[in-house]
Amino acid sequence: MVFMKQQDWKIIKILHGKRKLLMIIGLLIVILASLLLIGSIKMPGSDSVLMSVNGQEASADEFSMYLDFKKALVANYFKQTYGANYTEHFWTTEYSDGTPLQKLMEEAKAQMTRTKIEQQLAQRSGVIKDIGYQSFLNEMEMENSRRSKAAANNEIVYGPISFEVQAYYSYYMSGLENATIDALRNNGIISISEEQLKRDYEINKKSKYAQQGAIDLEWATLPYGSGTAYKDKSDALVKMKQLEKAFANGASFKETAKGLGVDVIDSRITNASRRAAALEIPLALQKAEHLEVGKSSDIFDENEALHIIRCVSIGDMIIQPFDQVKDSIASQLALEKYRDIVERDVKEAAIKWNRQSGTNLMNKWIGMNSD
C-alpha cells in the first residue's frame, strides 16, 4: 500500500479548489451572457434610456439630435436678449431665466415630446409601423440612396441629392403630418362639414380669397451687355436715372422715355398671367403689386436689363368663388384640427426623464460644444 506524503495532499487540495473556482466563474459567465441576451441589464457605456413619452423610450443619441436642432435658436435668443457672446462658458452662464444649457435642454425636450406624440398618432392611425429612432435613420439612409441613384440616372430629383439629418427630419415630419391628416379624415376623427367651410369662407373671403385686379403698367426697359447699344451697365444706368429724375419732376413718362431713346411698352398683369410672371419676372411682379396708381418704381435690374414701371390703373378686387377655394379651406381647417389634437395629446402625455443620464449627457455635450 502506497501512502501519499503531506505535500502531495496539499497539491491535490489546491487543484481541487481551483477547479471549484473555475466552475463558479464559468457559471457566472453563462448567467451574465443570458441576462445580456434577454436585455435584463446593460453594459456600462451602452446607450441607456434617457426619456420616455407614453412608454416610448428615447436614447441619449436621439435626444442629442434635438439638442443640435435647437442649439442655434437658443444661442441667438441669449444674444438678442442679453447680448451674450459665444464664449467657453456661454452655456453655463446664469441669466435671469436660467442658463442657456437649461433652456436648450427644455427646448429639446419639448421638441422631442411633440415629435413622439405626432409619431404615436400616426402609428395609431395606421400610417406608420415603426416609429423608433433607428427606423428614422434607416429611412433617411434609404431616401438618400434613392436620390443618389436617381441623380446618377439623370432623373429629376426635387430638393437635395442627399439630406442632412435636420433637413430630412423636416421632410419626414411634413410627410408624416400630411399622411396622418388624410388618415384621420378618412376614419372620421377629423370631419369638416359644408357649413363650416361656408362659414370660414364668408368670414375670410376678403382677406384670404380675394385676388388683386388687373394691373395696367407703362414699362420702360433698357437692355445692356453684349449685342445691345449699352455694352456697359453703368452707361445704361445713367440714362435710366435721367428718366427717373424727369418723371419725378412731373414730366410725361412715355414722352421723356422716348426722348431718351428708352423703349416703353404697355403691359397688363392679370390673375391668369401672375403665375408665369412669378417665374419669369419675379422682381417686376413684386414691384408692380406694391405700386399705387400714378406712381413709378425705382430702377431695378432683372434679366440683363434695367427697368422702371409706372402704374396706370388697378382693377377691382376679384373674390374667388366658394367652389374654387373650398378644397383649400378644408385642408386648412383639417390642419388646424390636427394640431389641436397634437396639442391636447402633448398636455396629457406621460413623460419620464432620467435625471442622472440627462446630467451626464449635458456635461458631455458641453465638452463637445465649448469651443
Side-chain angles (χ1 to χ4, degrees), residues 147 150-151 154-161 163 166-168 170-171 173-175 177-178 181-182 197 200-201 203-228 230 233 236-237 240-241 243-244 247 253-254 257 262-336:
R147 288 169 172 265
N154 295 318
E155 298 172 12
I156 296 174
V157 177
Y158 296 100
I161 303 300
F163 283 111
Q166 188 162 1
Y168 180 72
S170 298
Y171 172 82
M173 291 303 296
S174 175
E177 179 182 80
N178 291 335
I181 290 171
D182 287 344
L197 294 175
D200 183 89
Y201 175 75
I203 292 171
N204 297 300
K205 64 182 178 182
K206 289 185 178 178
S207 59
K208 290 184 178 180
Y209 311 119
Q211 294 179 331
Q212 191 173 24
I215 306 172
D216 290 312
L217 303 166
E218 292 176 342
W219 194 321
T221 301
L222 194 60
Y224 63 83
S226 178
T228 71
Y230 295 91
K233 177 181 171 180
L237 184 60
M240 292 298 276
K241 283 186 175 180
L243 173 59
E244 183 180 46
F247 182 68
F253 189 77
K254 276 189 173 181
V262 178
D263 291 332
V264 176
I265 60 170
D266 294 323
S267 181
R268 167 172 279 203
I269 297 174
T270 66
N271 289 325
S273 66
R274 269 187 173 84
R275 184 183 295 274
L279 295 172
E280 297 169 10
I281 48 169
L283 185 54
L285 178 62
Q286 181 185 9
K287 300 276 186 184
E289 289 182 332
H290 288 85
L291 282 178
E292 297 177 7
V293 174
K295 301 295 184 180
S296 65
S297 71
D298 55 0
I299 301 167
F300 62 95
D301 187 348
E302 190 166 50
N303 297 335
E304 297 185 339
L306 298 176
H307 311 269
I308 300 176
I309 54 177
R310 174 178 174 270
C311 181
V312 178
S313 67
I314 301 174
D316 294 334
M317 297 288 283
I318 300 169
I319 304 294
Q320 295 175 277
F322 171 72
D323 287 341
Q324 210 173 85
V325 297
K326 71 176 184 178
D327 287 345
S328 64
I329 297 173
S331 296
Q332 182 59 39
L333 292 179
L335 176 61
E336 291 170 7

Does some side-chain heavy atom of [Y] sit less than 4.5 Å from a side-chain heavy atom of [X]?
X    : Y    : answer
R274 : E289 : yes
K233 : L306 : yes
Q332 : E336 : yes
E218 : I309 : no
V264 : R310 : no

Does [X] reach the main-chain N or O of [Y] with its side chain, forming a donor-acceptor pair under 3.5 Å?
X    : Y    : value
S267 : L217 : no
Q320 : V325 : no
E302 : A284 : yes

Roughly how far, to the nearest 0.5 Å, is the [atom2] atom of [Y] from the [atom1] atom of [X]?
X    : Y    : atom1 : atom2 : answer
I308 : L222 : CD1   : CG    : 9.5 Å
L333 : L197 : CG    : CG    : 6.0 Å
M317 : Q211 : CE    : CD    : 8.5 Å
D301 : L237 : CG    : CG    : 9.0 Å
S296 : E244 : OG    : CD    : 7.0 Å
K295 : F247 : NZ    : CZ    : 8.5 Å

Nearest heavy-atom neighbours spanning [X] and [Y]:
X    : Y    : result
C311 : I215 : SG-CG2, 4.2 Å
P223 : A305 : CA-CB, 3.8 Å
A334 : I181 : CB-CG2, 3.9 Å
T270 : A214 : CG2-CB, 4.1 Å
M240 : A220 : CE-O, 3.8 Å
V293 : S313 : CG2-CA, 4.0 Å

### Message
Tell me whether the rings of Y201 and Y209 are parallel (<30°), tilted (30 to 60°) or perpendicular (>60°).
### Response
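Taking Y209 first and then Y201, their aromatic rings lie parallel (interplane angle under 30°).
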
### Query
With distance as the sole criterion, is a donor-acceptor pair present between the side chains of D263 and T221 under 3.5 Å?
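Short answer, no.
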
### Task
I would like to know whether L335 and E177 meet side chain to side chain contact (heavy atoms under 4.5 Å, CB included); could you show each step before the answer?
CA-CA 9 Å; L335 176 61; E177 179 182 80; 3.7 Å; yes

### Task
Could you pull out all residues at least two apart from K208 that satisfy side-chain hydrogen bond (donor to acceptor under 3.5 Å, both in side chains)?
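None.
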
### Message
Does E155 have more than 12 heavy atoms from other residues, nucleotides or ligands lying within 6.0 Å of its CD?
### Response
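Yes.
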
### Query
Counting heavy atoms not belonging to D298, are there more than 12 under 6.0 Å from its CG?
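Yes.
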
### Quiz item: cation-pi between R147 and Y171, 6.0 Å / 45°
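Ring-cation test returns yes.
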
